Amino acid sequence: MAKTEKKKKKGIVQRMMFGDDTKPDLTPERMKMSKWAMFKFLFFHRFGTMVLLNILTALFAIPAVLVILLFYMNTAIASGYIPYSGNIGIGYPIVTDAVRQGMLTSFTYQTTEFLLLVPCIAVFALGVAGNLYVMRKLVWEEPTHTARDFFRGIKKCWLPAISIGIVFGLTLLFLVFSLGYFDVYNLPSALKVFSIILSILLFIFIILFTSFFMTQNAAFKMRPMVLIRNSFLFVVGTHLQSIFMIGLGLLPVYLMFIPGITMILVMVYFFLGFSFSTLAITVYCHHCYEKFLYSKIEDKPSTAYFKRQNEFAESREKEKKKSAAPYKNPKKRKRSIDEGASITPLTPTFRREDLERLEQEHLMVMKESEDCDVDPSEIEIDAPENVAAANVGGDFAPTDTKLKDGSGDADVKDEQ
């Protein structure tokens, strides 16, 4: 028995660059897959694309990371100058309200940090817009060029992305401000609780709103007010489900609440964190669009994998051919050489009627060839007695023809 050759297993670098042969390709039978199956297929089958997208998105997060690191170092340095033991008289100069001054300093640094993060978050939103644009093409199974489509998505979606990034940053600033302001200035606890609850609810709403807003902005061409209205309606109509599903999509964010894993957190976010979140949010949001929005949009995909690019191109070409069909005037149609008047050949035993018909046909042919304006019905042939026979050879002289209006006289020539 012949031994079957074992297929050599590819390494992780080869799988990232060329794909995994063991994973099945997307066939028409697999197009109507569930959203969970779609997420698994794209995340594992297009793993290299996910990593490249994540790295490109992480580049736009560099300004925010620099601001966070700068204020972290400043806070660590400033804490050394606070006289923590002033209450017991040790240290110079003596500070009796060291705790309050420490809280005030920390609050000032924190507020300034998140205020500077507002434009940084707007810059980061540009990278997220490009990421979501590529994710939309992957979900719709359109041909993609990762880097090129990433920057094309930024070019198409930059203004709404910056706007929603600023709104998100201001909401985060309001949340941080509410958590520290009332403790520093000893304001009533009821007001503090109300402010914190309001800021948390607003922050959750903005997270859901931003998810629907940016995915719609990457998928559809809508006016700004329609985009805002649709996002608001999606949040209100699917609030509990959206909180759960988008919360699952933001799983990498929860790593920052686990102490002692800073390097692991950095590696996860640099290679997969952002792509995991954007893919999960894109799949869920497009599920909502398919359920509530597609029936009201022209030229939309009825399912996530509806048509491939060549099918769209073929349908457009057919529409262009139908709409651009030229008008053909039947009067100006070119005639074939087989069409029109013709001359019937004479038989050896011809008669006078044959000669009259031959002359009539000859004039018809001449009229068509010279494109004259004379109607064949106006042509009159002289009486048969004007026609004379020629010699015995059977040749006959031409007859005298004239028009009904008297023009076109011809001399009668008899050859004896």
Side-chain angles (χ1 to χ4, degrees), residues 49-75 109-137 145-177 199 202-219 222 224 227-228 231 246 249-250 252-253 255-256 262 265-282 285:
T49 303
M50 297 295 113
V51 173
L52 180 56
L53 270 179
N54 201 88
I55 294 174
L56 292 173
T57 308
L59 295 177
F60 288 82
I62 291 177
V65 173
L66 292 178
V67 169
I68 293 172
L69 291 177
L70 178 63
F71 276 88
Y72 175 78
M73 292 187 294
N74 286 341
T75 304
Y109 271 98
Q110 198 172 36
T111 305
T112 307
E113 176 185 0
F114 282 89
L115 184 61
L116 291 178
L117 279 177
V118 172
C120 296
I121 292 175
V123 174
F124 176 64
L126 292 175
V128 176
N131 190 309
L132 290 172
Y133 183 78
V134 179
M135 289 297 180
R136 185 266 292 176
K137 298 192 75 173
H145 301 278
T146 306
R148 187 192 309 171
D149 289 332
F150 178 84
F151 291 103
R152 184 180 299 168
I154 294 176
K155 181 180 178 181
K156 290 185 176 182
C157 310
W158 68 272
L159 183 57
I162 289 179
S163 304
I164 197 64
I166 293 175
V167 173
F168 188 89
L170 292 175
T171 307
L172 184 60
L173 175 63
F174 177 65
L175 175 62
V176 173
F177 183 84
S199 59
L202 180 62
F203 185 65
I204 294 174
F205 173 82
I206 289 298
I207 290 176
L208 304 182
F209 183 88
T210 303
S211 301
F212 286 110
F213 184 91
M214 295 198 70
T215 48
Q216 278 186 104
N217 185 40
M222 294 181 177
L227 199 59
I228 294 171
S231 303
I246 295 177
L250 297 176
V253 181
L255 293 175
M256 66 178 61
T262 305
L265 178 65
V266 171
M267 296 298 291
V268 168
Y269 268 88
F270 185 75
F271 287 105
L272 283 176
F274 299 126
S275 292
F276 178 88
S277 298
T278 52
L279 177 60
I281 292 173
T282 299
C285 289

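Note that the structure is a prediction, hence the values are computed from the model and not measured.
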Answer whether the closest heavy-atom distance between the side chains of [X] and [Y] falls below 4.5 Å.
X: Tyr133; Y: Ile154; answer: no
X: Glu113; Y: Tyr109; answer: no
X: Val268; Y: Phe276; answer: no
X: Val51; Y: Leu272; answer: yes
X: Ile68; Y: Leu117; answer: yes
X: Leu202; Y: Leu175; answer: no
X: Leu126; Y: Ile162; answer: yes

Can you tell me how far the [atom1] atom of [X] sits from the [atom2] atom of [Y], to the nearest 0.5 Å?
X: Leu173; Y: Gln110; atom1: CG; atom2: CD; answer: 10.0 Å
X: Thr210; Y: Asn217; atom1: OG1; atom2: CG; answer: 11.5 Å
X: Ile246; Y: Ile207; atom1: CD1; atom2: CD1; answer: 8.5 Å
X: Leu59; Y: Asn54; atom1: CG; atom2: CG; answer: 10.0 Å
X: Leu56; Y: Phe151; atom1: CG; atom2: CZ; answer: 5.5 Å
X: Ile281; Y: Leu132; atom1: CD1; atom2: CG; answer: 7.5 Å

Nearest heavy-atom pair of [X] and [Y]: which atoms, and what distance?
X: Phe212; Y: Ser231; result: C-OG, 3.8 Å
X: Met214; Y: Ala125; result: CE-O, 3.5 Å
X: Ser277; Y: Leu250; result: OG-CA, 4.0 Å
X: Met50; Y: Leu279; result: SD-CD2, 4.0 Å
X: Ala129; Y: Cys157; result: CB-CB, 4.1 Å
X: Cys285; Y: Ser211; result: SG-O, 4.0 Å

Does Asn131 reach the main-chain N or O of Ser275 with its side chain, forming a donor-acceptor pair under 3.5 Å?
->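 Side chain of Asn131 to backbone of Ser275: no pair is present.
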Output, in order, the C-alpha distance, side-chain angles, deciding distance and verdict of side-chain contact (heavy atoms from CB on, under 4.5 Å) for Thr146 and Leu53.
-> CA-CA 7 Å; Thr146 306; Leu53 270 179; 3.8 Å; yes
Under 6.0 Å between ring centres, would you say that holds for Phe168 and Phe213?
-> no
Which is it for Tyr269 and Val253 under the side-chain contact (heavy atoms from CB on, under 4.5 Å) test, yes or no, and what are the steps along the way?
-> CA-CA 9 Å; Tyr269 268 88; Val253 181; 3.3 Å; yes
How far apart are the C-alpha atoms of Leu52 and Phe150, what are their side-chain angles, what is the distance that settles it, and do they pass the side-chain contact (heavy atoms from CB on, under 4.5 Å) test?
-> CA-CA 10 Å; Leu52 180 56; Phe150 178 84; over 6 Å; no
Criterion ring-ring contact (aromatic ring centres under 6.0 Å, His included) on Phe274 and Phe124, from CA distance to verdict = CA-CA 11 Å; Phe274 299 126; Phe124 176 64; 5.2 Å; yes
Between Phe60 and Val128, is a side-chain contact (heavy atoms from CB on, under 4.5 Å) present by the stated rule, with each step listed?
-> CA-CA 8 Å; Phe60 288 82; Val128 176; over 6 Å; no
